[in-house]
Amino acid sequence: QLQLVESGGGLVQPGGSLRLSCAASGRTLDYYAIAWFRQAPGKEREGLSCISSWGGGTDYLGSVKGRFTISRDSAKNTVYLQMNSLKPEDTAVYYCAAEDSLVGLCVLAPRGYDNWGQGTQVTVSS
């Protein structure tokens, strides 16, 4: 059974950077499409970025393109989300999700993923 654990969240000033980690156990993440989502209070969960199985392709939400970068480290069975130029509106709980039925592609819709981590809080504030 695949288990996902996010880490790396915290408090950062506007313009700062954070790197989130999504560490997997139980299965090899290379077989899975991975996506990062966030949910702010009172708002729907939104997809930010995803990477297809075996790192074949990536996709980004328009508002984070150029600021966020998704990547894999197969040796560590971990996927990262590097977040730069953070803004107060980036404040949310961030989740990673994985799905092994998305062969060669990834999607930014929450319904596309069956495996979720518990989330990590990111707060951007001065």
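These numbers come from a predicted model, not from an experiment.
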Distance only, no hydrogens: is a donor on one side chain within 3.5 Å (strictly under) of an acceptor on the other, for Thr78 and Asp73?
no
Please assess Leu108 against Leu48 for the test side-chain contact (heavy atoms from CB on, under 4.5 Å), listing each intermediate value before the final yes or no.
CA-CA 7 Å; Leu108 295 179; Leu48 304 172; 6.0 Å; no
Are Val107 and Val79 connected in a single hydrophobic cluster, I mean Ile/Leu/Val/Met/Phe/Trp/Tyr linked by side-chain heavy atoms less than 4.5 Å apart?
no
Looking at Ser101 and Glu99, what are the two nearest heavy atoms and their distance?
OG-OE2, 2.8 Å
Within this structure, what is the CG-CG distance for the pair Asn77 and Leu2, rounded to the nearest 0.5 Å?
8.0 Å
Quick one: do Val93 and Tyr80 end up in the same hydrophobic cluster if we chain Ile, Leu, Val, Met, Phe, Trp and Tyr together by side-chain heavy atoms under 4.5 Å apart?
no
Looking at the rings of Phe37 and Trp116, which for Trp means the six-membered one, are their centres under 6.0 Å apart?
yes
Check for me, please, whether Tyr60 and Leu105 land in the same ILVMFWY cluster - side-chain distances under 4.5 Å, paths through other members count.
no
Kindly indicate whether the side chain of Leu4, heavy atoms from C-beta on, has any atom under 4.5 Å from the side chain of Leu29.
yes
How many angstroms lie between CG in Asp30 and CG in Asp100, if you round to the nearest 0.5 Å?
13.0 Å
Please report the interatomic distance CG(Leu11) to OG(Ser126), rounded to the nearest 0.5 Å.
9.5 Å
Between Ser125 and Pro88, is any pair of side-chain heavy atoms under 4.5 Å apart?
no
Answer whether the closest heavy-atom distance between the side chains of Thr69 and Leu81 falls below 4.5 Å.
no
Hydrophobic clusters here meaning ILVMFWY residues chained together by side-chain heavy-atom distances under 4.5 Å, can you tell me if Val64 and Ile51 are in one?
yes
Run the numbers on Glu6 and Gln118 for side-chain contact (heavy atoms from CB on, under 4.5 Å), then give the verdict.
CA-CA 7 Å; Glu6 300 96 335; Gln118 83 291 346; 2.9 Å; yes
So Trp54 and Ser74, side-chain contact (heavy atoms from CB on, under 4.5 Å) or not? Walk me through it.
CA-CA 9 Å; Trp54 302 100; Ser74 297; 5.9 Å; no
Give me the atom names and distance for the closest heavy-atom approach of Tyr113 to Ala98.
CD2-C, 3.6 Å
With a 4.5 Å limit on heavy-atom distance, are the side chains of Leu18 and Val124 in contact?
no
Determine whether Cys50 and Trp36 make a side-chain contact, defined as any pair of heavy atoms from C-beta on separated by less than 4.5 Å.
no
Do Tyr31 and Ser53 have side chains that approach each other closer than 4.5 Å (heavy atoms only, starting at C-beta)?
no
Output for pair (Arg27 CZ, Gln3 CD), nearest 0.5 Å, gives 11.0 Å
Any non-hydrogen side-chain atom of Ser17 less than 4.5 Å from a side-chain atom of Gln82?
yes
Please determine whether the number of non-hydrogen atoms from other residues, nucleotides or ligands lying under 6.0 Å from atom CD of Glu44 exceeds 12.
no
Within 45 degrees of the ring normal and closer than 6.0 Å to the centroid, is that where the cationic atom of Arg38 sits relative to Tyr95?
no
Hey, mind stepping through Asp90 and Met83 against side-chain contact (heavy atoms from CB on, under 4.5 Å) and telling me if it holds?
CA-CA 10 Å; Asp90 293 318; Met83 306 188 296; over 6 Å; no
What's the separation between atom CZ in Phe68 and atom CG in Leu86, rounded to the nearest 0.5 Å?
5.5 Å
Kindly work out whether a path of hydrophobic side-chain contacts (I/L/V/M/F/W/Y, heavy atoms less than 4.5 Å apart) joins Ile70 to Tyr94.
yes
Would you give the length of the straight line joining atom OH of Tyr32 to atom OG of Ser52, rounded to the nearest 0.5 angstrom?
15.0 Å
Ignoring hydrogens and geometry, is there a side-chain-to-backbone donor-acceptor pair from Ser49 to Asp59 under 3.5 Å?
yes
